[in-house]
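The structure under discussion appears below in the form of structure tokens.
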Amino acid sequence: MSSLLPFDSVLCLLLRLSLTLWFTLLLVFIIVPAIFGVSFGIRRLYMKTLLRIFTWATLRIERGIKEKSHTLYKPLSNGIIAKESTSLEEGIWELRSNGRSLDRPEFELSDIFYFCRQGMESIMDDEVTQRFSAEELETWNLLTRTNYNFQHISVQLTVLWGLGMLVRYTFLLPLRVALAITGVSLLVIGTTVVGLLPNGRFKEFLSKHVHLMCYRICVRALTAIITYHGSENRPRNGGICVANHTSPIDVIILASDGYYAMVGQVHGGLMGVIQRAMVKSCPHVWFERSEVKDRHLVAKRLTDHVQDKSKLPILIFPEGTCINNTSVMMFKKGSFEIGATVYPVAIKYDPRFGDAFWNSSKNGMVTYLLRMMTSWAIVCSVWYLPPMTRQENEDAVQFANRVKSAIAHQGGLVDLLWDGGLKREKVKDAYKEEQQKVYSRIIAGSQENRSRS
């Protein structure tokens with residue numbers, strides 16, 4: 001029995017040394033750089049190495065498919081299927097164009113086929129639904145969920161994929177979970193302690209740096225590699241920062257480079273603990289569940305916040321839902337009605353390293369975070385655009401569309417007028433009535449032409 005004691009003591013010593021080394025590396029290379037906002041360039045070197053591996057794997061797949069005479073699937077560069085959009089008038093004219101004029105008959109039975117065809121296209125692949133599915137990549141990134149061409153090509157590729165899965169689940173995942181727990185714990189503890197201090201510049205200084213430090217640690221928990229452009233246009237106090245929305249981590253991406261007041265609904269559980277701690281040190285705007293649907297109350301609280309030029313800029317995602325990194329959909333007009341300066345921000349993720357899109361209809365938050373933490377990295381670009389104000393004779397909807405177009409243009413995204421909320425709702429009667437009015441104008445126009453003739 002006594003002969004086992006030295007072995008046990010050696011084992012305990014090795015365990016202590018391993019833990020000490022682990023926490024030392026964590027402190028020196030991640031936590032301390034996050035506090036001071038510096039980077040050693042390790043993540044960018046890691047990204048370049050991954051790109052070389054992905055390129056080799058893709059070339060090997062293409063060569064193997066050609067050798068086996070299989071069909072190589074190549075998606076479009078934007079990850080979606082594009083088709084020409086036609087108006088109702090053009091569609092009806094196409095059906096009636098077999099030697100006849102559009103304005104000749106009042107009504108033809110063939111008109112029904114246009115609406116049937118539009119209905120089938122909408123069911124199978126409409127402009128809204130395809131914005132809520134993951135992008136298909138042109139290159140393989142060693143994640144089986146990201147490329148249609150993945151199949152057994154060679155032993156080399158299979159071994160490489162196995163090694164990649166081993167690295168992601170046995171090394172990156174535990175490291176990222178440890179960092180995420182560290183970042184969230186420090187955020188709760190830090191903001192709670194800062195909240196005990198009297199209001200003043202010192203409290204604001206500490207609150208800002210506690211928030212920045214914790215968000216930067218959380219960014220490193222995702223191995224996020226972010227490139228910021230136009231830093232001179234960062235949102236300022238008394239303004240509203242609006243951005244396109246792909247993922248819940250959009251908040252972390254932006255908050256790791258700026259200090260914002262968050263807007264959202266009060267939650268329970270862990271999220272509720274974080275919200276209650278954060279609001280003690282910073283004037284975030286949280287709404288009760290019963291208050292969210294009261295547009296006037298929401299507008300009043302936002303207006304009161306932005307009128308105080310000493311308060312932080314509000315961070316809002318006006319789409320109201322996550323879109324799959326290919327498009328920008330309709331902005332809700334609420335945040336554009338209160339007359340504040342708007343600071344547009346465009347966010348574009350690089351899907352080669354991991355799909356940041358969150359489809360909340362299919363995946364819960366835990367499943368989504370697991371996918372994020374077992375991806376290779378989160379790589380994205382952020383553009384701060386020049387501030388915009390509402391012009392004379394411009395209503396809130398026109399202002400929202402102008403801001404949305406600027407974000408879409410800068411981020412290389414498709415600018416859509418559709419409401420992203422349609423993915424969970426039935427089609428509004430107003431949309432159906434609009435199509436009915438267009439068709440009635442065609443009929444009325446043809447009747448008018450007949451009466452003139």
Side-chain angles (χ1 to χ4, degrees), residues 34 37 39 43 179-180 183-184 187 191 207-264 271 274-275 278-279 281-286 302 305-306 311-323 325 328 331-332 335-336 340-350 354 356-358 368-369 372 377-388 403-404 406-408 410-413:
S39 174
R43 285 174 294 167
L179 286 174
V184 172
L187 180 64
T191 52
S207 176
K208 175 181 179 179
H209 286 83
V210 166
H211 277 83
L212 288 174
M213 175 190 70
C214 296
Y215 283 122
R216 286 167 180 166
I217 292 174
C218 291
V219 160
R220 284 161 171 78
L222 297 169
T223 318
I225 304 163
I226 314 165
T227 304
Y228 297 97
H229 307 272
S231 297
E232 67 277 5
N233 296 319
R234 280 196 189 102
R236 299 181 181 180
N237 289 359
I240 297 179
C241 173
V242 299
N244 58 299
H245 200 22
T246 301
S247 161
I249 64 175
D250 293 339
V251 176
I252 302 174
I253 297 295
L254 294 178
S256 64
D257 189 55
Y259 190 31
Y260 299 95
M262 308 296 177
V263 177
M271 183 59 70
I274 297 173
Q275 286 181 320
M278 290 172 61
V279 80
S281 65
C282 179
H284 299 289
V285 185
W286 305 131
L302 294 181
H305 184 100
V306 298
K311 288 189 176 180
L312 299 175
I314 295 175
L315 177 59
I316 294 179
F317 301 98
E319 287 169 299
T321 188
C322 295
I323 313 298
N325 198 42
V328 183
F331 279 6
K332 304 295 191 297
S335 54
F336 300 90
T341 301
V342 172
Y343 294 86
V345 177
I347 306 174
K348 178 67 175 178
Y349 291 90
D350 189 337
F357 168 59
W358 180 39
Y368 171 75
L369 289 177
M372 289 297 94
I378 300 298
V379 180
C380 72
S381 295
V382 175
W383 291 271
Y384 296 109
L385 305 182
M388 302 174 70
V403 173
K404 177 169 68 75
I407 291 175
Q410 181 62 71
L413 304 166

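Here the structure is a predicted model, which means the values were calculated and not measured.
- Taking every heavy atom of both residues into account, A255 and L212 meet most closely at O-CD2, 3.4 Å.
- Note that the CD1 atom of I323 and the CG atom of L413 stand 10.5 Å from one another [nearest 0.5 Å].
- Interatomic distance, CZ of R220 versus OH of Y215, reported as 15.5 Å (0.5 Å rounding).
- In this structure, NE2 in H245 is found 7.0 Å from OG1 in T321, a value given to the nearest 0.5 Å.
- Although no hydrogens or angles enter the test, the distance criterion places a donor-acceptor pair under 3.5 Å between the side chain of H305 and the main chain of L312.
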Item to complete: Kindly indicate, with the supporting measurements, whether the criterion side-chain contact (heavy atoms from CB on, under 4.5 Å) is fulfilled by D257 and R234.
Response: CA-CA 9 Å; D257 189 55; R234 280 196 189 102; 3.0 Å; yes
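- Residues V210 and C214 form a side-chain contact, since some pair of their non-hydrogen atoms from C-beta on lies under 4.5 Å apart.
- Here the side chain of K348 pairs a donor or acceptor atom with the backbone of N325 at under 3.5 angstrom.
- Interatomic distance, I347 CD1 to I226 CD1, rounded to the nearest 0.5 Å: 9.5 Å.
- The shortest non-hydrogen separation linking A356 to Y349 is CB-CD2, 3.6 Å.
- For R43 (side chain) and A224 (main-chain N/O), a donor-acceptor pair under 3.5 Å exists by modelled atom type.
- From M278, atom CE reaches atom CE of M271 across 9.0 Å, with rounding to the nearest 0.5 Å.
- Smallest separation of non-hydrogen atoms from C322 and W358: CB-O, 3.5 Å.
- When atom types are taken as modelled, the side chain of S207 and the backbone of S281 share a donor-acceptor pair closer than 3.5 angstrom.
- Side chains of L187 and H211 form a contact here, defined as non-hydrogen atoms less than 4.5 Å apart.
- Side chain of H284 to backbone of M262: a donor-acceptor contact under 3.5 angstrom is found.
- Here the side chains of L385 and I407 are in contact, with some heavy-atom distance below 4.5 Å.
- When every heavy atom of F317 is checked against every heavy atom of N244, the shortest pair comes out as CD2-O, 3.8 Å.
- Side-chain contact check for I378 versus I249: some heavy-atom pair is nearer than 4.5 Å.
- Contact check for V382 versus V345: side-chain heavy atoms found under the 4.5 Å cut-off.
- Side-chain contact check for N237 and Y259: no donor-acceptor pair (N or O, by modelled atom type) lies under 3.5 Å.
- In this structure, CZ in F336 is found 8.0 Å from CD1 in I240, a value given to the nearest 0.5 Å.
- Minimum interatomic distance between L254 and Y260 (heavy atoms only, all atoms of both residues): O-CE1, 3.4 Å.
- Contact of the P235 side chain with the Y384 side chain is registered, since non-hydrogen atoms from C-beta on lie closer than 4.5 Å.
- V184 places a side-chain heavy atom less than 4.5 Å from the side chain of I274.
- In terms of heavy atoms, A377 sits closest to T223 at CB-O, 3.3 Å.
- For the pair Q410 (side chain) and A346 (backbone), a donor-acceptor distance under 3.5 Å is absent.
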